[in-house]
Structures are given as structure tokens and as C-alpha cells.
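In what follows, a structure is listed as C-alpha cells, so that the remarks can point back to it.
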Amino acid sequence: MKYVCTVCQWVYDPAVGDPDAGIEPGVEFADLPDDWVCPECGVGKDLFEPLT
């Protein structure tokens, strides 16, 4: 499932991961480290919601 940042609308796609942060493809949003932040605006995981 993809998750979208409620601040800047950046979408985390587990099929892509976040290569700039060392997150490999295949890592689900729930499995991201607690200190992971949005690569666009820097907010934490708590400001993401499932993309519908």
C-alpha cells in the first residue's frame, strides 16, 4: 500500500522505497525506521496516511 504525506503530498511507494535514505524497494511503510522522514518536506511518519 502507498502512503501520502499530508503536508506536501509526496507518495511513499514500497515498490520503489526511498533510495536516497537507504530504504530498499520492498520495504513496507510500517517497517520504515521510526526516525524516517519525508524526503520532500521532512515531516515524520505520523503525518502520512494511506493513499486511496
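Throughout, numbering of the chain's residues begins at 1 and tracks the sequence. What you see below is based on every heavy atom in this structure, not just the backbone, and it leaves out hydrogens, waters and symmetry mates.
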Are W36 and M1 connected, step by step, through hydrophobic side chains (Ile, Leu, Val, Met, Phe, Trp, Tyr) whose heavy atoms are closer than 4.5 Å?
yes
So C5 and C41, do their side chains get closer than 4.5 Å, heavy atoms only?
yes
Could you work out, with side chain to side chain contact (heavy atoms under 4.5 Å, CB included) as the rule, every residue matching Q9, not counting sequence neighbours?
V4
All N/O donor-acceptor pairs, side-chain side in residues 43-50, below 3.5 Å, sequence neighbours left out:
unit_1: K45; atom_1: NZ; unit_2: L32; atom_2: O; d: 3.0

What is the minimum heavy-atom distance between Y12 and V27, and which atoms define it?
OH-O, 2.5 Å
For the student: nearest non-hydrogen atoms of C38 and C8, plus distance:
SG-SG, 3.7 Å
Among residues two or more places apart or on two chains, list those pairs meeting salt bridge (charged side-chain N to carboxylate O under 4.0 Å, His left out) that have a residue in residues 9-38.
K2-D13
By ring-ring contact (aromatic ring centres under 6.0 Å, His included), Y3 pairs with (sequence neighbours left out) F29
